[in-house]
Each structure stands twice: as structure tokens, then as C-alpha cells.
Trainee: 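Sharing a structure below in C-alpha cells format, with a few things to ask.
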Amino acid sequence: MTFGNNGDSVDYAAHMNPDQLAAATAQDGPVLVIAGAGSGKTRTIVFRVAWLIDQGIDPHAILLLTFTRKAAAEMLNRATLLMDGRASMVFGGTFHSVGYSLLRKYSSSIGIDRSFSIMDQRDIIDAIEQARKNLTPSISDLKSFPKAKTLYEILSRSVGSSIQIENIVEDRYPHFMDYTDDIVTVGNTYQDIKRQNNLLDYDDLLTQSVRLLEEDEELRFHISSNWRYLLVDEYQDTNRLQAGMVRMLATGHNNVMAVGDDSQSIYSFRGANFKNIIEFPDIFPGAKIIKLEENYRSTQPILNVTNQIIEVASSGYRKKLFTRQATGPLPLLARPFSEQDQSRIVTRLIMDSIKSGGSLKDIAVLFRAGFHSFELEAELARSGIPFAKYGGFKFVESQHIKDVLAYLKVSNNPRDLISWVRLLKMIPGVGEKTAIRIARNIADDYSSANLEQLQLKAKKQRESLSELFDIFLKVRNETLALPEKIEMVIKHYLPYLQANFDNYPKRLKDLEQLASMGATYPSIAEFLADVALEPPETGLQGESDFSQRITLSTFHSAKGLEWETVIIIWATEGKIPSPMAFNSPEDIEEERRLLYVATTRAKRNLVILAPQTVYDRRLGTIHVDLSRFFEQVSFDSFQRYMV
DNA sequence: CGAGCCTAGCTTTTT
DNA sequence: GCTAGGCTCG
């Protein structure tokens with residue numbers, strides 16, 4: 001039973017333009033949909049899901065791959081509203097979460113213990129730091145040797161793009177070329193550490209699941225005959241691994257619909273390559289290509305600006321966005337003197353909008369990097385304007401959360417040395433060295449760890465250790481519900497928290513929140529996986545009505561979203577493009593696309609703010625230019641805003 | 001080897 | 001504002 005104009009079926013033609021309709025109702029076989037910004041991409045996917053089910057396809061045979069789980073949930077939700085509950089039976093998630101599910105079920109066939117834990121950013125850096133310290137003593141002490149974080153960037157880029165470490169270093173990190181061999185060594189040691197500790201990082205979820213599908217032919221056949229219709233959103237942001245995973249999953253049927261926009265490719269730092277979308281027709285011969293060029297989101301004055309930003313970009317699928325919403329206010333461009341002035345203008349614009357009947361949830365302030373909004377956040381707090389912040393540092397990355405999660409991690413995977421070290425270092429008198437020694441001992445033999453053998457000198461330390469071990473055994477074995485286990489852990493952690501953090505009540509609240517989050521999960525493993533793969537956002541402090549906040553977001557986290565009013569702050573050189581992109585023309589082009597993504601989020605009002613000065617702690621107040629990406633935009637595209 | 005205290009230096013973007 | 005790293009002392 002479906003809803004629709006005639007009461008028996010959705011009237012597809014009435015809700016879509018001819019191109020969207022062609023995509024949504026395409027017959028079997030590979031299809032590439034080039035969907036410009038605001039061209040109804042989501043709508044098309046939603047209708048595609050509905051149409052497939054209407055054709056009698058079993059919802060369980062459809063796999064929807066998206067960039068975030070939120071995006072998948074929203075699409076399936078809309079599809080459910082459109083037709084009926086069958087749409088909610090479609091499996092939707094990220095590449096990483098699909099990889100995780102496959103490995104949880106089948107990893108033993110490639111020799112991976114299914115109780116593996118997923119490392120988050122911090123774990124990865126810790127492990128690489130260990131690998132780094134493991135080098136011939138003197139090398140890691142050198143100031144000029146890359147830091148763990150840089151090493152991770154190099155290693156991960158190599159994995160994601162399938163390019164040798166040697167070439168990555170040569171191309172992008174030529175100043176480290178003397179150390180190429182050592183970097184490779186760190187990479188190998190890091191692999192060893194992960195294997196020994198039964199840990200998988202984000203990249204492993206992809207590489208190992210691809211390996212699983214490659215090596216286990218029977219499984220590959222089983223999986224690809226189960227999911228017979230693949231829908232891949234944001235295809236321009238897939239990397240080689242993800243493209244490979246799609247190819248594996250499509251074995252035998254090639255029913256892949258990839259949707260994306262090469263002009264919005266903004267994840268090259270993790271190996272994404274918009275060439276994937278260019279090469280799609282080569283990988284899937286006979287692919288039908290459909291372009292969606294009518295924009296339903298923004299007014300023509302906004303498109304005038306965004307088209308000028310992107311049209312100088314080289315290569316890609318040519319497309320020209322147009323809209324029928326010819327009229328609307330001209331985008332605003334203002335150059336406040338200072339960052340403080342910029343924040344005051346933002347506040348004033350928000351107040352004005354509220355006065356004229358606007359709603360806070362329709363306003364977003366967007367910026368290149370998480371920390372660009374610090375000053376503004378303070379100003380908004382002073383003015384009493386509630387906000388939710390997306391992107392930047394995460395709640396689960398703060399130390400106290402990581403500490404508590406470490407207890408759960410070791411109970412789930414006792415071989416996780418990284419987490420053991422974290423826990424052991426909390427014992428007074430135990431530092432890095434001792435912690436590693438004890439952790440090795442426990443990880444080798446946790447079932448009957450002989451605490452006496454651990455040679456701790458002080459009695460107090462031995463007591464602390466056996467207490468810690470006690471908690472470990474309890475969390476591991478007792479048939480308590482997850483929230484109770486978390487409570488037990490928090491109780492044990494409390495003295496440490498109290499002794500080490502000045503703002504401990506606030507952090508305790510975070511921990512309570514963590515415990516209540518755990519309530520919705522059946523097991524520790526699933527809870528931990530979710531926390532690593534889809535971490536909750538920060539800045540949602542307070543419980544008040546979510547719909548009554550403005551949104552603060554990084555450009556990246558704004559992808560796929562839209563607002564009536566979009567305010568871009570720090571539209572200056574040194575912020576966008578980021579100085580990190582200066583040494584490579586391709587990186588600069590990516591920054592351009594990033595600004596394009598940000599500006600195309602606006603439906604009716606677009607405001608560009610570019611302070612004239614920036615405070616530098618060394619140089620004092622210095623002048624900064626408007627971002628180079630506005631150079632080619634004609635001045636009469638803007639309304640000038642008097643400060 | 002651990003801890004405490006100080007300073008410098010600093011931050012892209014995310015699964 | 002915050003933490004990674006350096007330095008010194010016990």
C-alpha cells in the first residue's frame with residue numbers, strides 16, 4: 001500500500017523533472033548521476049529507493065552507501081514517508097560501517113579475531129608514536145623528523161590512494177625525503193602493533209573488508225547476490241579503497257547508481273579522488289550518465305556568485321546550474337575592520353533576522369576550520385544567542401571520555417595494549433615505561449595474570465593494579481547492563497578525575513551523558529564501534545530546544561545541508577585557502593571547491609565577511625586580503641555592506 | 001623512571 | 001585556551 005496521487009502508487013513524474021525521473025526510474029545496470037549543488041540529489045535518491053521497492057524489489061536487497069549515517073537515516077526516513085515502512089528496511093550507512101558489519105561477521109575467514117576494536121584518531125596517533133619511538137634511538141629525537149600526526153597523514157594517504165609511501169613523501173613531503181626509509185619502517189611497525197593488539201584503524205575497515213571479499217569468493221557471491229541494488233551518495237568523495245569496495249559488492253550484477261558532483265570533491269586529504277567519478281564509466285562500462293543541472297535551492301543572485309567561483313576550476317564534468325527563482329537579495333560582502341567587528345556584525349544580522357520574524361534554525365555560520373569560530377562563540381554566548389557547533393574537535397576525543405572508554409575497550413578486547421597503557425598510567429608512580437611493561441604482561445595472559453610477577457615496588461601501586469584488574473574482570477564477565485557497567489567504571493575513575501581536572505564537575509556531567517548514551521546499545525562492542533564511527537557532536541550544551549539554535553559549522557561538515565541564511569566568516573587569504581594548501585596547486589583547487597560547497601548552502605541570503613585585519617601574536621595586528629577566490633567575481637554581484 | 005613545573009607553539013578538513 | 005615537550009628534582 002503506497003500513498004500517491006491515485007492512492008495506489010507514487011506519482012513519480014509529478015514530483016521530479018525529466019532528468020531526476022530518468023535517474024530514479026533507471027533500469028538495471030550502472031548509472032552515474034552528476035548532480036549539481038541543490039539539484040535535488042537527495043530527492044532523486046529517495047524516489048529511487050521508493051521506485052525500486054514499488055517494482056517489487058525486496059528492500060533488503062538495496063544497499064544505500066552515504067557519507068554519514070545521519071544522511072542515510074534522513075533519506076530512508078523520507079522514503080518511508082513517501083511510500084511506506086518497507087523503505088525503512090533498506091540497509092543504509094557509511095562505507096566504514098558496512099566494512100565493520102562485514103568484518104564483525106566474517107573476519108575469521110581472513111584471520112582476524114572478531115573482537116577487534118576500532119581505533120579512533122587518538123589511538124592511532126598513540127600507536128604511531130610508539131612505533132616512532134621504536135626507531136633506532138636517535139632518529140625520533142631529531143627535531144626535523146616528522147611528528148606522529150604527520151606520519152599518520154602520510155601513511156593514511158598512502159593506503160587510501162594506493163600510492164607507495166616513497167612517492168607520497170617525494171610528492172607532498174619533499175622536506176622529509178631523507179627519512180623515507182624510516183617513515184616506511186614506522187609504517188611497518190605500526191602495522192605490527194595493530195596486528196598484535198587486535199586493532200583496526202579506519203583504513204583497515206576498508207582494506208580488510210575489501211580483502212575479505214577478494215579472498216573469499218563464496219562470501220563475495222553471497223553478499224553481492226544479497227545486496228543487488230547499490231546506491232552510492234557523494235561518490236566524488238570516495239577514495240580508491242571505497243571505489244574498490246563498490247566494485248566488489250557489485251560483482252555479478254553491476255547495479256550501481258553512483259551520485260555525486262565533481263565540483264564538490266573536498267576530501268582529498270583522506271585519499272578521495274574526484275577522478276573516481278570521472279573514471280566511473282571506465283570501471284562500469286556502459287554506464288548511463290545523467291546530469292541534474294536545475295538548481296532548486298538558491299536564488300539566481302546567489303548562483304551568479306557561486307558559478308563565478310567555480311567556473312575557473314579546471315577539468316571535471318561541465319555543467320551549468322540554473323534556477324527559476326530569478327529574484328532575491330544580492331549576496332552581501334563586507335569587510336569589517338577586526339575579528340571582533342565581524343562577530344558583532346554576525347550578531348546584528350541574527351538579531352535583525354529574528355526581529356523580522358526569522359527563525360534561528362534557518363541561519364548558519366560557516367568557516368574553514370573549527371577554531372575560526374572561537375571568538376564568535378564567545379560573542380554569541382555574551383549576546384545569549386544559542387548555537388550548535390558541528391565539526392572541529394569532538395566530545396569523545398576529550399581526555400576524560402577517552403579514559404573511561406579505555407576501560408570498556410580492554411574489557412572488549414584484552415589485547416588492546418594502547419588502552420591498557422592509558423589505564424595503567426593513571427596509577428600514581430606508573431609512567432610510560434612501567435605501563436608498557438605491565439600492559440605487555442597482561443595482554444599476553446590476561447586470564448590468569450599473575451599480579452605478583454609484575455614487580456611493582458610500592459604496595460599502593462600493587463593495590464591499585466589489582467583494583468583495576470578487578471574492574472576489568474567485572475566489566476568483562478558480569479551480566480550487568482551496559483549503562484551499569486559504565487557507571488561502575490565511572491565510579492572507579494572518579495578519584496582520578498577529581499584529582500587531575502579543575503573543572504571536574506563539568507567533566508563528570510559528560511561522563512553521565514556517556515553512560516546514558518550507552519543505554520541504547522545491546523553490547524559494549526556495538527557501543528564502541530558507534531562511538532568511533534559516528535561520534536556525537538560537540539557544543540550541544542544545554543538541553544533547550546534544538547530547533548531554536550543557529551548552526552555553526554566547518555565547511556566540511558556543512559556538506560549536503562542548506563539554510564535560508566548562510567554567513568561565511570573569515571573569507572580571507574590565510575583562512576580560505578588554508579596556508580596548508582599553499583604548496584600544491586591541486587590543494588588550492590580543492591580549497592576553491594570547498595568555498596563553492598559552503599556558498600551553495602544558501603537558499604536566500606548569502607553573507608560574506610572578510611575582516612581587514614587579523615591579530616597575530618608575533619606580528620601584532622596585520623592587514624589581510626579578501627580571499628583570492630572572490631577575485632574573479634564581479635563586484636556588481638554583491639551588495640556592499642557598510643560597517 | 002616518574003612527576004611537576006614551565007614554556008612555546010599552536011591548531012584543516014573526518015571516517 | 002590547551003597540551004606536547006623540555007627541564008629538573010626526588
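Below, chains carry the letters A, B, ... as their sequence lines are ordered, and counting in each starts from 1.
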Trainee: Within the supplied structure, the quantity of interest is the number of heavy atoms (other residues, nucleotides, ligands) at a distance under 6.0 Å from A:R440 CZ; does it exceed 12?
Mentor: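 Counting other residues, nucleotides and ligands, CZ of A:R440 stays at 12 neighbours or fewer.
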
Trainee: What is the distance, rounded to the nearest whole Å, between atom NZ of A:K559 and atom P of B:dT13?
Mentor: 16 Å

Trainee: I need a per-nucleotide contact map over nucleotides 1-7 of chain B, read 5' to 3'. Cutoff is protein heavy atoms under 4.0 Å; write B for the base, S for backbone only, - otherwise.
Mentor: SSS----

Trainee: More than 12 foreign heavy atoms under 6.0 Å from CZ of A:R240: is that the case here?
Mentor: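 No, the 6.0 Å shell around CZ holds no more than 12 heavy atoms from other groups.
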
Trainee: Is a side-chain donor-acceptor pair under 3.5 Å present for A:D403 with A:Y496?
Mentor: no

Trainee: Compare the aromatic ring of A:F269 with the six-membered base ring of B:dT14 and state whether they stack according to the 5.5 Å and 30° rule.
Mentor: no

Trainee: In this structure, how many angstroms lie between the C1' atom of B:dT13 and the CD atom of A:E590, rounded?
Mentor: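 Whole-Å distance recorded here is 9 Å.
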
Trainee: Report the distance from atom CD of A:E589 to atom C1' of B:dT13, rounded to the nearest whole Å.
Mentor: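 Distance, rounded to whole Å: 17 Å.
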
Trainee: Just need the stems in DNA chain B: three or more back-to-back Watson-Crick or G-U pairs, each with both distances under 3.5 angstrom, sorted by first number.
Mentor: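 B:1-9 with C:2-10 - these are the stems of 3 or more pairs that involve DNA chain B.
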
Trainee: Taking only residues two or more places apart in sequence, or in another chain, which ones meet A:R592 in a salt bridge (charged side-chain N to carboxylate O under 4.0 Å, His left out)?
Mentor: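 Here the qualifying residues are A:E589.
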
Trainee: For the residue pair A:D203 and A:S156, confirm or rule out a side-chain donor-acceptor distance under 3.5 Å.
Mentor: yes

Trainee: Are the side chain of A:S338 and the backbone of A:D341 linked by a donor-acceptor contact shorter than 3.5 Å?
Mentor: yes

Trainee: On DNA chain B, does the nearest nucleotide to A:E591 precede the nearest nucleotide to A:T68 from the 5' side, or the other way round? Give the residue.
Mentor: A:E591

Trainee: Between A:Y202 and B:dT14, do the rings stack, that is, sit under 5.5 Å apart with planes less than 30° off each other?
Mentor: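 So no, this residue does not stack on that base, at least one cut-off failing.
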
Trainee: Can you sort out which residues in residues 567-580 of chain A have a heavy atom within less than 4.0 Å of DNA chain B? Ascending by number, please.
Mentor: A:M580

Trainee: According to a strict under-4.0 Å criterion, is A:S557 in side-chain N/O contact with OP1 or OP2 of B:dT13?
Mentor: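 Looking at the OP1 and OP2 atoms of B:dT13, neither is under 4.0 Å from any side-chain N or O of A:S557.
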
Trainee: Regarding A:F95, tell me which of base, sugar-phosphate or nothing describes its non-hydrogen contacts under 4.0 Å with the strands shown.
Mentor: nothing

Trainee: Between A:D237 and A:K559, does at least one N-O distance fall below 4.0 Å, as a salt bridge requires?
Mentor: yes

Trainee: Pick the nucleotide of DNA chain B nearest each of A:A581 and A:S97; which residue has the one closer to the 5' end?
Mentor: A:A581

Trainee: Any salt bridge between A:D233 and A:K41, counting N to O under 4.0 Å?
Mentor: yes

Trainee: For A:F280 and A:Y235, I'd like to know if the aromatic rings sit close, meaning centre-to-centre distance below 6.0 Å.
Mentor: yes

Trainee: So, A:T189 and A:N134: side-chain donor and acceptor under 3.5 Å apart, yes or no?
Mentor: no

Trainee: Side chains of A:D530 and A:Y521: is there a donor and an acceptor less than 3.5 Å apart?
Mentor: yes

Trainee: Could you tell me which residues satisfy side-chain hydrogen bond (donor to acceptor under 3.5 Å, both in side chains) with A:Y173, sequence neighbours excluded, listed by chain and number?
Mentor: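 A:Y173 satisfies side-chain hydrogen bond (donor to acceptor under 3.5 Å, both in side chains) with A:E153 only.
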
Trainee: What integer distance in Å separates A:H372:NE2 from C:dG1:P?
Mentor: 18 Å

Trainee: Rounded to the nearest angstrom, tell me the gap between atom NE2 in A:H556 and atom P in B:dT13.
Mentor: 9 Å

Trainee: Could you tell me whether a side-chain N or O of A:R593 sits under 3.5 Å from a main-chain N or O of A:Q264, the two making a donor and an acceptor?
Mentor: no

Trainee: How close or far is atom C1' of B:dT14 from atom CG of A:L155, stated in whole angstroms?
Mentor: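 The answer, rounded to whole Å, is 17 Å.
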
Trainee: Would you kindly give the CG-to-C1' distance between A:D233 and B:dT15, to the nearest whole Å?
Mentor: 15 Å

Trainee: Between A:R270 (CZ) and B:dT15 (C1'), how many Å, whole number?
Mentor: 5 Å

Trainee: Where along residues 118-126 of chain A does a heavy atom fall under 4.0 Å from DNA chain B?
Mentor: A:Q121

Trainee: Using 30° and 60° as the class limits, which term best fits the ring planes of A:Y267 and A:F67: parallel, tilted or perpendicular?
Mentor: tilted

